[in-house]
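The block underneath contains the structure these notes are about, expressed in structure tokens.
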Amino acid sequence: MLSSPYPVPHLRVYKVAMVLGWVAGMVAGAWVLVSPPKSYDALGLTLTTLWGVFLLGGSLLVLAANAFRKYKVEIPGLVLALGGVVIYDYLSWVQTFTGSFGSGPRACLLLVLAAHLVARIRILMHIDRQARRMASLRDGGTGE
């Protein structure tokens with residue numbers, strides 16, 4: 001995967017928003033590992049631990065990728081974070097349909113977040129594929 005150019009312009013607001021957002025993701029992941037919700041049974045607790053690990057690790061990678069402007073680090077971080085969000089969303093939908101109807105808005109908001117993560121992953125993969133194609137044309141397809 002090519003590491004340059006990073007497909008985001010140097011915008012201070014963007015950088016601040018990304019740092020704050022991914023620090024919040026790291027805090028959420030760490031928080032659930034330190035103090036998991038008490039409402040889950042054994043499987044739910046295992047899944048909660050898993051989503052916490054995924055969100056913590058993925059957020060750390062994405063934060064580093066944004067700080068160092070390396071999208072080849074951002075993609076695996078986004079995939080890990082997406083895994084955490086999807087697991088948490090699943091648990092939220094289970095709660096919604098098994099007695100806690102008030103969990104529905106949280107489940108829907110997690111779908112919004114998951115959709116944005118998928119969109120960012122797809123954009124980065126598309127940009128990388130285009131850059132590789134251009135590099136291949138430039139070197140005559142030899143890969144040098």
Side-chain angles (χ1 to χ4, degrees), residues 1-139 143:
M1 209 177 273
L2 303 173
S3 63
S4 181
Y6 190 71
V8 174
H10 287 281
L11 298 171
R12 185 172 300 151
V13 171
Y14 180 85
K15 191 166 206 153
V16 168
M18 291 300 284
V19 167
L20 287 175
W22 290 108
V23 165
M26 290 171 32
V27 169
W31 194 325
V32 80
L33 293 175
V34 171
S35 181
K38 306 292 185 227
S39 60
Y40 293 125
D41 58 4
L43 178 60
L45 188 57
T46 301
L47 289 175
T48 297
T49 301
L50 188 60
W51 81 251
V53 169
F54 281 5
L55 190 59
L56 177 61
S59 296
L60 181 62
L61 283 174
V62 176
L63 182 65
N66 279 273
F68 299 110
R69 301 181 57 80
K70 301 288 184 190
Y71 75 87
K72 66 181 177 179
V73 175
E74 185 175 358
I75 292 174
L78 289 168
V79 170
L80 274 174
L82 177 63
V85 168
V86 166
I87 292 168
Y88 187 33
D89 196 30
Y90 165 76
L91 291 170
S92 295
W93 282 113
V94 168
Q95 272 192 325
T96 300
F97 293 125
T98 60
S100 181
F101 197 67
S103 297
R106 177 183 62 218
C108 289
L109 286 172
L110 288 166
L111 281 176
V112 170
L113 177 57
H116 279 85
L117 291 172
V118 168
R120 178 68 178 159
I121 292 166
R122 183 64 184 104
I123 286 171
L124 291 176
M125 291 174 69
H126 176 76
I127 289 169
D128 183 67
R129 188 172 41 253
Q130 285 183 322
R132 286 180 177 279
R133 190 174 300 133
M134 293 302 291
S136 179
L137 290 173
R138 192 172 42 249
D139 67 19

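Everything numeric in this text was worked out from a predicted model, so none of it was measured.
With sequence neighbours left out, S100 forms a side-chain hydrogen bond (donor to acceptor under 3.5 Å, both in side chains) with S103. Qualifying ring-ring contact (aromatic ring centres under 6.0 Å, His included) partners for Y90, counting only residues two or more places apart in sequence or in other chains: none. With sequence neighbours left out, V16 forms a side chain to side chain contact (heavy atoms under 4.5 Å, CB included) with R12, L20. Legend: residues meeting side chain to side chain contact (heavy atoms under 4.5 Å, CB included) with L110, ordered by chain and number and at least two apart, are V85, Y88, D89, S92, R106. Legend: residues meeting side-chain hydrogen bond (donor to acceptor under 3.5 Å, both in side chains) with H126, ordered by chain and number and at least two apart, are Q130. Residues satisfying the side chain to side chain contact (heavy atoms under 4.5 Å, CB included) criterion with F68, sequence neighbours excluded, are A64, K70.
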Quiz item: Where do T49 and L33 land on the side chain to side chain contact (heavy atoms under 4.5 Å, CB included) test, with the steps shown first?
Solution: CA-CA 6 Å; T49 301; L33 293 175; 3.8 Å; yes
Self-check item: side chain to side chain contact (heavy atoms under 4.5 Å, CB included) assessment of S59 paired with F54
Solution: CA-CA 8 Å; S59 296; F54 281 5; over 6 Å; no
Exercise. Given side chain to side chain contact (heavy atoms under 4.5 Å, CB included), test L50 with T46 step by step and report yes or no.
Key: CA-CA 6 Å; L50 188 60; T46 301; 5.7 Å; no
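A distance-only check finds no donor-acceptor pair linking the side chain of S35 to the backbone of W31 [under 3.5 Å].
Contact record, G77 with L61: CA-CB, 3.6 Å, taken as the closest heavy-atom pair. For the pair A28 and L55, the tightest heavy-atom approach, listed with the atom from each and the gap, is CB-CD2, 3.9 Å. Of all the heavy atoms in P36 and T48, the pair that sits closest is CB-CG2, 4.5 Å.
Rounded to the nearest 0.5 angstrom, D128 CG and I75 CD1 are separated by 6.0 Å. To the nearest 0.5 Å, the span separating NE2 on H116 from CD1 on I121 amounts to 13.0 Å. Atom CZ in R133 sits 13.5 Å away from atom CZ in R138 (nearest 0.5 Å). Within the model, atoms CD of E74 and CZ of R69 stand 10.5 Å from one another, a figure rounded to the nearest 0.5 Å. Note: I87 CD1 to L82 CG = 9.5 Å, rounded to the nearest 0.5 Å. M26 CE to L60 CG: the interatomic distance, rounded to the nearest 0.5 Å, is 5.0 Å.
Side-chain atoms of L111 and W93, non-hydrogen and from C-beta on, do get closer than 4.5 Å to each other.
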